[in-house]
Amino acid sequence: MRLGELASGLSGDASAQTVTGFAIDHRKVAPGTVFGAFKGARFNGEDFIADAVAAGAIAVVARPEAKVEGAVHIADANPRRTFALAAARFFTPVPAHVAAVTGTNGKTSTAEMTRQLWRMAGHNAASIGTLGVTTSVDQASTGLTTPDIVTFLGNMSGLAREGVTHAIFEASSHGLSQFRTEGLPVQVGAFTNLSRDHLDYHGTMEAYFEAKMRLIDEVVADDGHFVVWSDDEWSQAVIDRVKARGLSLMTVGEAGEAIRLVSRTPTQLGQQLVLEHAGSQVKVNLPLIGAYQAANALVSAGIVIAAGGAPAQVFDHMARLQPVRGRLERAVITREGAPVYVDYAHTPDGLVAAIAALRPHVSGRLITLFGAGGDRDTGKRPQMGKVASDLSDVVIVTDDNPRSEDPASIRAAIMAAAPDATEIGGRREAIAAAIRMAGKDDIVLLAGKGHEQGQIVGDRVLPFDDVQVARECAA
Ligand SMILES: CC(=O)N[C@H]1[C@@H](OP(=O)(O)OP(=O)(O)OC[C@H]2O[C@@H](n3ccc(=O)[nH]c3=O)[C@H](O)[C@@H]2O)O[C@H](CO)[C@@H](O)[C@@H]1O[C@H](C)C(=O)N[C@@H](C)C(=O)N[C@H](CCC(=O)O)C(=O)O
Ligand SMILES: Nc1ncnc2c1ncn2[C@@H]1O[C@H](COP(=O)(O)OP(=O)(O)OP(=O)(O)O)[C@@H](O)[C@H]1O
Ligand SMILES: N[C@H](CCC[C@H](N)C(=O)O)C(=O)O
Ligand SMILES: [Mg+2]
């Protein structure tokens, strides 16, 4: 592809150059690459422009003030956006149907359930998010929920070449504010909920909300659809934005107009939902427990219908949804007979949702074990301590990816609001203790790590899998 096909306003000589790829890290530049030089949280990409040119970059997308010598300077005050739009012209084809989901909690679950529903309808479907790039035959980790723009677009076009026609991705607030998912047509967007997280990065809830709203204001296509979970504190504000943008709106939930959740009755292995759609009622036996999983399943159904799926078939398929890895996953039943659940709750709201999901199934005590990630929002720590101790019978505070922080001080910040909790630093010892104390009527909840395969301590990732450790401790 020629540079002139990817960017406008270039001289004849510049336009004629052949582009071989895109990179945002100078160490990945090869001859013919377009390099994006961005100011980040840790580095200023502009410091690497000369190295990128030396490695063969033919063009550099950077702010007008940046110094570019020996390559074409594609200048823009918002270089991340310009870079994304140029890269999107290069990475083609992309799947014909693309959807995106945002929200504090429920993105991975909604993406995964949407992929499953599309697959049941006979489509070749994929998802990109916290679990990596998932198709019906493969899963590859990217390390981030929303990968960087080059990885994202490269994966989208790779999936399309493999025959994927339907793709859904998780749009994290970091990803949205850094333009990591721009340029390809997104026909359907969705919002699950908003609650405290990532205030270390965004500063205030309002700024966090605004970061998410870029999905509505700018990322979804002009003639696109938007599905909103109707029962969140922020739902009305989201609905207002969807209307202001002129997208076709679909609300789902107890207050939902497109799909109304009339009732929800827990059963032993799942729950029965009564839904109202287009004036008639339908019963769905969802094989997953917890209000939060019902919410995510309904948002997924909304996305599939908005993308053209037949409603009756979608409701039918909901009864065959498979559990999502690490989301209320039953790891083991202890020798005493207590089920041990692993869940990815890592925010105050997530903990409330996970505990509420298990509560109807507990006749004895609910034993909740969790920690909080290092180098992340510190304000959520006491809030997590408070909700866990208010809503559980026994609380164990342990470690969850301390990263560069002192694990003991993270635990102390949680314990400050959970005075009756037991503190056990090592996560394996903590899990062993929880399992030892559980009697036959109790349930153990191991929260925060879900599907994760490692404990991040300093800059090392030590192998760790809650499900596996629970099985070992229960053996
Ligand atoms: C705060 C944050 O979002 N950081 C991400 C972001 O970094 P950044 O843009 O600030 O970049 P930087 O490291 O300061 O470097 C600036 C530029 O110089 C370039 N560079 C840097 C060094 C070098 O030697 N050469 C070079 O060219 C970098 O590629 C970058 O373009 O872009 C980088 C490249 O894509 C990411 O690796 C990095 O993720 C860090 C590791 C991270 O921990 N991110 C987390 C917080 C995150 O993004 N989480 C979200 C939300 C999760 C959720 O859903 O809850 C996610 O989507 O995963
Ligand atoms: N709709 C929901 N409402 C409230 N809590 C939820 C909801 N969905 C999920 N959760 C809680 O959040 C946890 C993480 O769920 P999930 O992985 O689907 O969210 P996510 O938005 O992808 O998270 P991340 O920010 O890490 O990408 C779950 O294990 C559960 O505890
Ligand atoms: N995507 C989230 C996941 C948090 C999971 C938890 N285990 C932690 O490390 O805090 C984040 O990066 O904030
Ligand atoms: Mg996720």
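As the structure lists them, so they are numbered: ligands from 1, and atoms in each ligand from 1.
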message: Counting C-beta onward and ignoring hydrogens, is there a side-chain heavy-atom pair between Leu194 and Tyr208 closer than 4.5 Å?
response: yes
Closest to atom 52 (C) of ligand 1 among protein heavy atoms sits Thr145 OG1, 3.7 Å
Side chains of Thr251 and Glu257, donor plus acceptor under 3.5 Å = no
Protein N/O/S atoms closer than 2.8 Å to the Mg ion (ligand 4), ordered by chain and number, come to Thr108 OG1, Thr130 OG1, Glu170 OE1
From the list Lys212, Glu218, Glu210, side chain to side chain contact (heavy atoms under 4.5 Å, CB included) with Arg214 holds only for Glu218
(request) Look at the rings of His97 and His166 and say which category their plane angle falls in: under 30° parallel, 30 to 60° tilted, over 60° perpendicular. (result) parallel
Contact region, Lys107 to ligand 1, non-hydrogen atoms below 4.0 Å, reads side chain
Of His174, Arg376, His198, His346, the residue with the heavy atom nearest atom 53 (C) of ligand 1 is His198
Counting only non-hydrogen atoms and a 4.0 Å cut-off, the residues near ligand 2 are Thr104, Asn105, Gly106, Lys107, Thr108, Ser109, Thr130, Thr145, Glu170, Asn193, Tyr292, Asn296, Arg327, Asp343, Tyr344, Ala345, His346, Gly350, Ala353, Ala354
Nearest heavy atom to atom 14 (O) of ligand 1, choosing from Arg42, Lys39, Arg27, belongs to Arg42
- Give a yes or no on whether the ring-centroid distance for His317 and Phe315 is below 6.0 angstrom. no
Closest non-hydrogen atoms of Ala71 and Val53, given as atom of the first, atom of the second and distance, are CB-CG2, 3.8 Å
Do the side chains of Arg403 and Glu405 get close enough for a salt bridge, i.e. N-O under 4.0 angstrom? no
Between Leu286 and Leu321 the two heavy atoms that sit nearest each other are CD1-CD1, 3.9 Å
Of all protein heavy atoms, the one nearest atom 19 (C) of ligand 1 is Ile24 O, 3.5 Å
ask   = Between His26 and Phe48, how do the two ring planes meet: parallel, tilted or perpendicular, split at 30° and 60°?
value = parallel
Between Arg427 and the options Asp466, Asp399, Asp400, the side chain to side chain donor-acceptor pair (under 3.5 Å) test singles out Asp466
message = Determine whether a donor-acceptor pair (N or O, by modelled atom type, separation under 3.5 Å) exists between the side chain of Thr146 and the backbone of Gly129.
response = no
Point to revise | Close N or O approach (Ser172, ligand 1; < 3.5 Å) | key: yes
Query raised in the report: Counting distance only, does the side-chain N/O of Ser300 pair as donor-acceptor with the main-chain N or O of Thr110 below 3.5 Å?
Result: yes
The closest protein heavy-atom partner of atom 18 (O) of ligand 1 is Gly45 CA, 3.5 Å
Gly40 heavy atoms within 4.0 Å reach ligand 1 at atoms 8 (P), 9 (O), 10 (O), 11 (O), 14 (O), 16 (C)
Practice task
Taking only Lys NZ, Arg NE, NH1 and NH2, and the carboxylate oxygens of Asp or Glu, determine whether Asp217 and Arg241 approach each other closer than 4.0 Å.
Solution key: yes
Salt bridge (charged side-chain N to carboxylate O under 4.0 Å, His left out) assessment of Glu46 paired with Lys67: CA-CA 8 Å; Glu46 294 169 1; Lys67 196 170 140 224; over 6 Å; no
Note: ligand 1 atoms sitting under 4.0 Å from heavy atoms of Asp148 are 35 (O)
- Message: Polar contacts were defined as any N/O atom of the residue lying under 3.5 Å from an N/O atom of the ligand; does this apply to Gln178 and ligand 1?
- Response: yes
So does Asp343 pair up with Arg330, basic N to acidic O under 4.0 Å? no
Report task. Report yes if some N/O of His26 lies less than 3.5 Å from some N/O of ligand 1; otherwise report no. Result -> yes
Quick note on ligand 1: atoms under 4.0 Å from a heavy atom of Ala41 include exactly 8 (P), 10 (O), 14 (O)
Check your understanding: Can you find a side-chain donor-acceptor pair between Asp148 and Thr151 that sits under 3.5 Å?
Key -> yes
Checking heavy atoms under 4.0 Å, the part of Arg80 that sits near ligand 1 is side chain
Exercise for the section: Could you tell me whether Arg180 and ligand 1 have an N or O pair separated by under 3.5 Å? Expected result: yes
Residues Glu452 and Asn401: closest non-hydrogen pair is OE1-ND2, 3.0 Å
Notebook entry, point to check: Going by atom types only, do Asp375 and Ser404 share a side-chain donor-acceptor pair under 3.5 Å?
Noted result: yes
Task: N or O pair under 3.5 Å between Leu144 and ligand 1 - done: no
Margin query: Are any of the N/O atoms on Phe38, whether in the backbone or the side chain, positioned under 3.5 angstrom from an N/O atom of ligand 1?
Written below: no
- Message: Using a 3.5 Å cut-off on N or O atoms only, is Phe43 in polar contact with ligand 1?
- Response: yes
Thr146 heavy atoms within 4.0 Å reach ligand 1 at atoms 56 (C), 57 (O), 58 (O)
